[in-house]
Amino acid sequence: MPKPPRQMRLTERHVGYVQPEAPSEDMPPPPPGMRAAMPDDHQRTITDLLGPDRGDEVWIFAYGSLIWKPACDFVEMRTGLVRGWHRAFCLGWNNRFRGSDANPGLMLALDRGGACKGVLYRLPPGQIEQSMTSLLEREMGWLPSPFPPRWVNVNSGERTIRAITFCIDRNSGRYVSGLPIEAIADVLATAVGTRGSMAEYLFATVRHLEDIGIHDPHLWQLQALVAERIETAYEPDR
């Protein structure tokens, strides 16, 4: 008999306590030292990434929110493993989308070392440029990007697939490292911005990873710690 699915401690009930007062999908002004990316910027990035002989097969490797909220259409999805990079809450500090000045958030990016299981999406052959533009508009709204796109090798079944993903630039000034897991949980349990909370971001990421058969022990521990903190704050007598 198949094993029953693991039950997350972090649930939609917990996420419901931590909501933005005025949710918005509007792009806020960039922080100091950054500027809004323009269409020409995205076109240059696409040209640099794909080159003149781009072909019809372009894959994206998703490790976080792109798993549960893809930025563009795709024609094939499969799981894969990238070596030399690991998923980490190392992109800080977010005081707009999922954080505030009082409680800034930490976002996921790929950091050097280890390995990461995630999802590969193959872009529609006839819509590669359009799809890449949508992806960059979502992931690179401001420049310079603290997690620029790059190519990685992803093992998927019998294949090794070259894919585009987003990896932290440790020299960007936005790189956060060395935090104990308890401190990361404190951030994820409290940070909320115009597009939602870090608790929601963590919940959606872990749930979708589990749904496709990927168990991330670090994120699994984090979701339990975040649930515990939200219960303490909002359900002291439960």
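Model, not experiment: these values are computed from the prediction.
- Residues satisfying the salt bridge (Lys or Arg N to Asp or Glu O under 4.0 Å) criterion with Arg138, sequence neighbours excluded, are absent altogether.
- With 3.5 Å as the limit, one finds a donor-acceptor pair spanning the side chains of His14 and Thr11.
- Met140 contributes atom CE, which lies 4.5 Å from atom OG1 of Thr45 (distance to the nearest 0.5 angstrom).
- The stretch residues 28-39 participates, sequence neighbours left out, in these salt bridge (Lys or Arg N to Asp or Glu O under 4.0 Å) pairs: Arg35-Asp41.
- No donor-acceptor pair closer than 3.5 Å links the side chain of Trp85 to the backbone N or O of Cys116.
- Atom CG of Asp186 and atom CE of Met198 lie 13.5 Å apart (nearest 0.5 Å).
- Under the 3.5 Å distance criterion, with hydrogens and angles disregarded, a donor-acceptor pair is assigned to the side chains of Thr160 and Asn155.
- In this structure, CG on Leu202 lies 12.5 Å from OG on Ser65, to the nearest 0.5 angstrom.
- Residue pairs meeting the ring pair (Phe, Tyr, Trp, His ring centres under 6.0 Å) criterion with at least one partner in residues 219-238, sequence neighbours excluded, are Tyr17-Tyr234, His215-Trp220.
- Under the ring pair (Phe, Tyr, Trp, His ring centres under 6.0 Å) criterion, Tyr201 pairs with no residue, sequence neighbours left out.
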TODO: Just do the side-chain contact (heavy atoms from CB on, under 4.5 Å) check on Phe61 and Ile161 with the steps written out, would you?
DONE: CA-CA 10 Å; Phe61 180 74; Ile161 295 173; over 6 Å; no
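- Residues satisfying the side-chain hydrogen bond (donor to acceptor under 3.5 Å, both in side chains) criterion with Arg112, sequence neighbours excluded, are absent altogether.
- Partners of Glu129 by salt bridge (Lys or Arg N to Asp or Glu O under 4.0 Å), not counting sequence neighbours, listed by chain and number: Arg54.
- No side-chain heavy atom of Leu110 sits under 4.5 Å from any side-chain heavy atom of Arg150.
- In this structure, Met77 is a member of the same hydrophobic cluster as Leu120, with clusters built from ILVMFWY side-chain heavy atoms closer than 4.5 Å.
- Residue pairs meeting the salt bridge (Lys or Arg N to Asp or Glu O under 4.0 Å) criterion with at least one member in residues 201-212, sequence neighbours excluded, are Arg6-Glu210, Glu12-Arg207.
- Here salt bridge (Lys or Arg N to Asp or Glu O under 4.0 Å) pairs that include residues 151-162, with residues two or more places apart or in two chains, are Glu57-Arg159.
- Looking at residues two or more places apart in sequence or on another chain, you find no ring pair (Phe, Tyr, Trp, His ring centres under 6.0 Å) involving Phe203.
- We find that Asp169 and Arg174 are not joined by a salt bridge, their nearest charged nitrogen and carboxylate oxygen being 4.0 Å or further apart.
- Rounding to the nearest 0.5 angstrom, the gap separating the CD1 atom in Ile230 from the CG atom in Leu188 is 9.5 Å.
- For Thr232, the side-chain contact (heavy atoms from CB on, under 4.5 Å) test picks out no residue, with sequence neighbours left out.
- Under the side-chain contact (heavy atoms from CB on, under 4.5 Å) criterion, Ala185 pairs with Leu222, Leu225, Val226, Arg229, sequence neighbours left out.
- By the ring pair (Phe, Tyr, Trp, His ring centres under 6.0 Å) test, Phe147 is found to be paired with Phe166, residues two or more places apart in sequence or in another chain being considered.
- Separation of atoms OG1 (Thr47) and NE2 (His42) is listed at 13.0 Å; rounding is to 0.5 Å.
- Between atom CG of residue Leu219 and atom CD1 of residue Ile184 there is a gap of 9.5 Å, rounded to the nearest 0.5 Å.
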